[in-house]
Amino acid sequence: MSYSSVNTIWVLIGTALVFFMQAGFSLCEAGFTRAKNTGNILMKNLMDFCIGTPAFWLAGFGIMFGSGTALFGTIDPLIMGDYSHILPKGVPLWAFAVFQTVFCATASTIVSGAMAERTKFSAYCIYSASISLIIYPVSGHWIWGGGWLSQLGFHDFAGSTAVHMAGGVCAMIGAAILGPRIGKYDKNGKPRAILGHNITLAALGVFILWFCWFGFNGASTAGMDSDALAETAGRVFFNTNLSAAAACCTTLAVTWIRYQKPDVSMTYNAALAGLVGITAGCDALDSLGAAVTGLICGVVIVFAVEFFDKAVKIDDPVGAVSVHCVCGALGTVLTGFFATGITTEKGLCYGGGFRFLGIQCLGVLSVAAYAAIVITIVFLAIKHTIGLRASREDELAGLDVSEHGLLTAYAGFAMLPDTAAADEDGCVAVWGDVPVAEAVPVKKMPVFDDGTLKFTKIEIICKESRFEALKNAMMDIGITGMTVSHVLGCGVQKGRPEYYRGILVEANLLPKIQVDIVVSAVPVRKVIETAKKVLYTGHIGDGKIFVYGVDNVVKIRTGEEGYDALQDVE
């Protein structure tokens, strides 16, 4: 077989671009989640590629592209078989194999975003390997490996269904089984916003993904050595870009109308929604069809995010289910409407019949059902063996430190405290596993309240993960003002040892929250006892409470002094 240098270079350039999508996914997911989980997310995006690569080499490639049956390829460890029947013209086996490997890794990484901030790292490694070994290769064989869907004429040019919807379905099932993050919903089931910590990282991640999508879709032509392929590649590039831009403009308008202001994170999600939506039919649609696809995805993404968040209560921190599952399925079906007949049958809107549209719908439903069944088995097996979800304490502290011993992914940078509520009833929820009587001995101290009107400053040092519970408790007893600082410190135990790249880190200063409160009307003892009940676990590190006398208080705005300065009365 003779090889084409042009086609091989084109495929390898596309491979490099699709590989770099891992950086985009890493930044996007990290930016849309909280700082205390950044290292965990970056680690997972590294490992799904590193686990997926040997898994696809050992079994996935053969299952996907082997000349077996219409349902299953072949078991071919190390890719030793003959794949000449499936190789693109002029492209050598190993170039094609590495191109398909990076696509497989993309399907795996989609899941990490929807299940972020509460999944055990060990569980993640197992289900990531499962996706690369069996889920993606089998459905991929149906679509791209000569399987039954490709024989029917199903069209998914670069993977709206094969990659994105398959990964999105796994993400949806996983997030549903896992349950929402602590504090995501109040007692009435109303969702709370848990803000991402760095919109700059998220934006950079989206731009990297948009850039790399030109390789994801464009290089799926698998060649550039003819006028027809060059023309197709140009159309693919143009449609890919147009759909993403149209989706962003649409979501901007929808959120502006719906929320009175254009939503930043939702609009960035819309860019990905438009890219995912056009991926199935980017070669088969004209520019009008691409624009309409982007417009529809731009509308749907807003309501899909709201639906999963509010209606079915699937907590998806980055919107992965809405972007990849919903818009991947939608884009594949829309190909059945808007295909012009250039590379496929004509779509319904261009004079084609219902047959092609029906095949597109059948493909979406069959892949979704297969992925859902297999990944449900995998997740339930993990849940009932090693466990799928991190413990409550680990989740509140952050997976960086609990799973990886990483005190912070932002050493040297001050970060805001986590403000997610802790799902607790009132201000007296003692949640430690060490009884008070068996914990660190406490000496009885004099009562501070002597019945006279005076000002007292109460300084509370506590864990970052307990701040929201403390804040709510203070407000419940009538505290109307407080000052909160992010501080570093240690007690007599001088922190705890941690390791970075095998070297001991002197972790003698740990991140804490300092809450300063000045009271007059509220009894000091009531504040102290409430804080103790909320913060107590019985373990070292619960914190300290300091009490100081205050000579006077002055309200700058009104000039009031003393008791009146602490009252919020006009």
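Computation of the quantities below employed the complete heavy-atom set of this structure, encompassing side-chain atoms and omitting hydrogens, waters and symmetry-equivalent molecules.
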A.B. asks: Using modelled atom types only, decide if a donor and an acceptor are shared between the side chain of His197 and the backbone of Thr33 within a distance under 3.5 Å.
C.D. replies: yes
A.B. asks: Give a yes or no answer on whether the side chain of Arg389 reaches the backbone of Gly179 with a donor-acceptor pair at less than 3.5 Å.
C.D. replies: yes
A.B. asks: Using every non-hydrogen atom in the two residues, find where Ser322 and Val326 come nearest and quote the distance to one decimal.
C.D. replies: O-CB, 3.2 Å
A.B. asks: Please walk me through it: do Trp142 and Tyr370 pass ring pair (Phe, Tyr, Trp, His ring centres under 6.0 Å)?
C.D. replies: CA-CA 11 Å; Trp142 300 349; Tyr370 171 74; 5.3 Å; yes
A.B. asks: Using side-chain heavy atoms (C-beta onward) and a distance below 4.5 Å, is Val364 in contact with Gln360?
C.D. replies: no
A.B. asks: Determine whether Lys463 and Thr537 satisfy the following criterion, side-chain contact (heavy atoms from CB on, under 4.5 Å), listing intermediate values before the conclusion.
C.D. replies: CA-CA 11 Å; Lys463 296 177 181 178; Thr537 68; 4.2 Å; yes
A.B. asks: Is any NZ, NE, NH1 or NH2 atom of the basic residue among Asp542 and Arg466 found under 4.0 Å from an Asp or Glu carboxylate oxygen of the other?
C.D. replies: no
A.B. asks: Between Thr109 and Asn45, is any side-chain donor less than 3.5 angstrom from a side-chain acceptor?
C.D. replies: yes
A.B. asks: With heavy-atom distances below 4.5 Å as the criterion, would you say the side chains of Asp48 and Tyr124 are in contact?
C.D. replies: yes
A.B. asks: Can you list the residues that meet the side chain to side chain donor-acceptor pair (under 3.5 Å) rule with Trp57, with sequence neighbours excluded?
C.D. replies: none
A.B. asks: Between Asn40 and Glu117, do the side chains contain a donor N or O and an acceptor N or O under 3.5 Å apart?
C.D. replies: no
A.B. asks: Where do Asp309 and Lys184 land on the side-chain contact (heavy atoms from CB on, under 4.5 Å) test, with the steps shown first?
C.D. replies: CA-CA 9 Å; Asp309 213 28; Lys184 176 61 181 175; 3.1 Å; yes
A.B. asks: So, Glu395 and Arg181, do they make that salt bridge, N to O below 4.0 Å?
C.D. replies: no
A.B. asks: Ring pair (Phe, Tyr, Trp, His ring centres under 6.0 Å), that's the test. Do Phe121 and His404 meet it? Break it down for me.
C.D. replies: CA-CA 9 Å; Phe121 185 72; His404 309 287; 5.0 Å; yes
A.B. asks: What is the distance from atom NZ of Lys533 to atom CG of Leu470, rounded to the nearest 0.5 Å?
C.D. replies: 14.0 Å
A.B. asks: Should we count CZ of Phe207 as having more than 12 external heavy atoms under 6.0 Å?
C.D. replies: no
A.B. asks: Asn188 side chain to Lys190 main-chain N or O, any donor-acceptor pair under 3.5 Å?
C.D. replies: no
A.B. asks: Could you go step by step and tell me if Leu149 and Ser366 meet the side-chain contact (heavy atoms from CB on, under 4.5 Å) rule?
C.D. replies: CA-CA 9 Å; Leu149 283 176; Ser366 59; 3.8 Å; yes
A.B. asks: Could you check if a side-chain atom of Val111 sits within less than 4.5 angstrom of a side-chain atom of Tyr127, using non-hydrogen atoms only?
C.D. replies: yes
A.B. asks: May I ask you to decide if Val276's main-chain N or O and Ser160's side chain share a donor-acceptor pair within less than 3.5 Å?
C.D. replies: yes
A.B. asks: With a 4.5 Å heavy-atom cut-off, do Ile208 and Met21 have their side chains touching?
C.D. replies: no
A.B. asks: Suppose we screen for side chain to side chain donor-acceptor pair (under 3.5 Å). Which residues come up paired with Thr69, at least two apart in sequence or across chains?
C.D. replies: none
A.B. asks: Using side-chain heavy atoms (C-beta onward) and a distance below 4.5 Å, is Ile513 in contact with Phe467?
C.D. replies: yes
A.B. asks: If I compare all heavy atoms of Gly205 with all of Leu27, which pair ends up nearest, and what's the gap?
C.D. replies: CA-CB, 3.8 Å
A.B. asks: Please examine the side chains of Val401 and Leu406, heavy atoms only from C-beta on, and report whether any two atoms are closer than 4.5 Å.
C.D. replies: no
A.B. asks: Please confirm whether the backbone N or O of Gly147 pairs with a side-chain atom of Ser150, one donor and one acceptor, at under 3.5 Å?
C.D. replies: yes
A.B. asks: Between Leu275, Leu272, Ile110, which is the residue that forms a side chain to side chain contact (heavy atoms under 4.5 Å, CB included) with Val323?
C.D. replies: Leu272
A.B. asks: Decide whether Ser220 and Asn217 meet the rule of one side-chain donor and one side-chain acceptor closer than 3.5 Å.
C.D. replies: no
A.B. asks: How about Trp144 and Phe65: are their ring centroids closer than 6.0 Å?
C.D. replies: no
A.B. asks: With sequence neighbours left out, write down each residue that passes salt bridge (Lys or Arg N to Asp or Glu O under 4.0 Å) with Asp76, or none if nothing qualifies.
C.D. replies: none
A.B. asks: Going through the checks in order, is the side-chain contact (heavy atoms from CB on, under 4.5 Å) test met by Leu388 and Met115?
C.D. replies: CA-CA 10 Å; Leu388 185 62; Met115 299 175 66; 4.3 Å; yes
A.B. asks: For residues 164-171, tabulate all N or O donor-acceptor pairs below 3.5 Å that involve a side-chain atom, not counting sequence neighbours.
C.D. replies:
residue : atom : partner : partner atom : Å
His164  : ND1  : His324  : ND1          : 3.1

A.B. asks: Say you draw a straight line from CZ of Phe25 to OG of Ser112; how long is it, rounded to the nearest 0.5 Å?
C.D. replies: 8.5 Å
A.B. asks: Taking side chain to side chain donor-acceptor pair (under 3.5 Å) as the test, write out the residues that go with Ser108, two or more places apart.
C.D. replies: Ser132
A.B. asks: Taking the side chain as C-beta and beyond, is there a heavy-atom pair between Leu362 and Trp148 under 4.5 Å?
C.D. replies: yes
A.B. asks: So which atom in Ile386 and which in Ser122 form the shortest heavy-atom distance, rounded to 0.1 Å?
C.D. replies: CD1-OG, 3.7 Å
A.B. asks: Tell me the closest heavy-atom pair linking Gly319 and Asn269, and the distance in Å.
C.D. replies: CA-OD1, 4.2 Å
A.B. asks: Could you check whether the rings of Trp213 and Phe216 sit parallel, tilted or perpendicular, using 30° and 60° as the cut-offs?
C.D. replies: tilted
A.B. asks: Per the side chain to side chain donor-acceptor pair (under 3.5 Å) rule, which among Lys36, Lys512, His486 passes with Glu464?
C.D. replies: His486
A.B. asks: Can you tell me how far apart CD1 (Ile51) and CD1 (Ile131) are? Round to the nearest 0.5 Å.
C.D. replies: 10.5 Å
A.B. asks: Around atom CZ of Phe20, are there more than 12 heavy atoms of other residues, nucleotides or ligands at under 6.0 Å?
C.D. replies: no
A.B. asks: Taking the ring centre of each residue, are Tyr268 and Phe32 less than 6.0 Å apart?
C.D. replies: no
A.B. asks: May I ask you to check whether Thr251 and Thr267 show a side-chain donor-acceptor distance below 3.5 Å?
C.D. replies: no
A.B. asks: Which pair of non-hydrogen atoms, one from Ala59 and one from Leu133, has the smallest distance, and what is that distance?
C.D. replies: CB-CD2, 3.9 Å
A.B. asks: How long is the span from the CG atom in Leu330 to the CD1 atom in Ile301, to the nearest 0.5 Å?
C.D. replies: 10.0 Å
A.B. asks: Enter the distance from Leu407:CG to Asp400:CG here, rounded to the nearest 0.5 Å.
C.D. replies: 9.5 Å
A.B. asks: Under a 3.5 Å distance rule, please check whether Lys313 uses its side chain to pair with a backbone N or O of Lys310 as donor and acceptor.
C.D. replies: yes
A.B. asks: Could you check if a side-chain atom of Val367 sits within less than 4.5 angstrom of a side-chain atom of Asp156, using non-hydrogen atoms only?
C.D. replies: no
A.B. asks: Is a side-chain donor or acceptor of Arg34 paired with a backbone partner of Leu195 at a separation under 3.5 angstrom?
C.D. replies: no
A.B. asks: Using a 6.0 Å cut-off, check whether atom CZ of Phe211 has over 12 heavy atoms from anything other than its own residue.
C.D. replies: no
A.B. asks: For residues Pro317 and Ala116, report the shortest heavy-atom separation together with the two atoms involved.
C.D. replies: CG-O, 4.0 Å
A.B. asks: Distance from Leu334 atom CG to Thr293 atom OG1, nearest 0.5 Å?
C.D. replies: 5.0 Å
A.B. asks: Identify every side-chain donor-acceptor pair in residues 96-107 under 3.5 Å, counting partners at least two apart or on other chains, and give the distances.
C.D. replies:
residue : atom : partner : partner atom : Å
Thr101  : OG1  : Ala97   : O            : 2.7
Thr106  : OG1  : Val102  : O            : 3.0

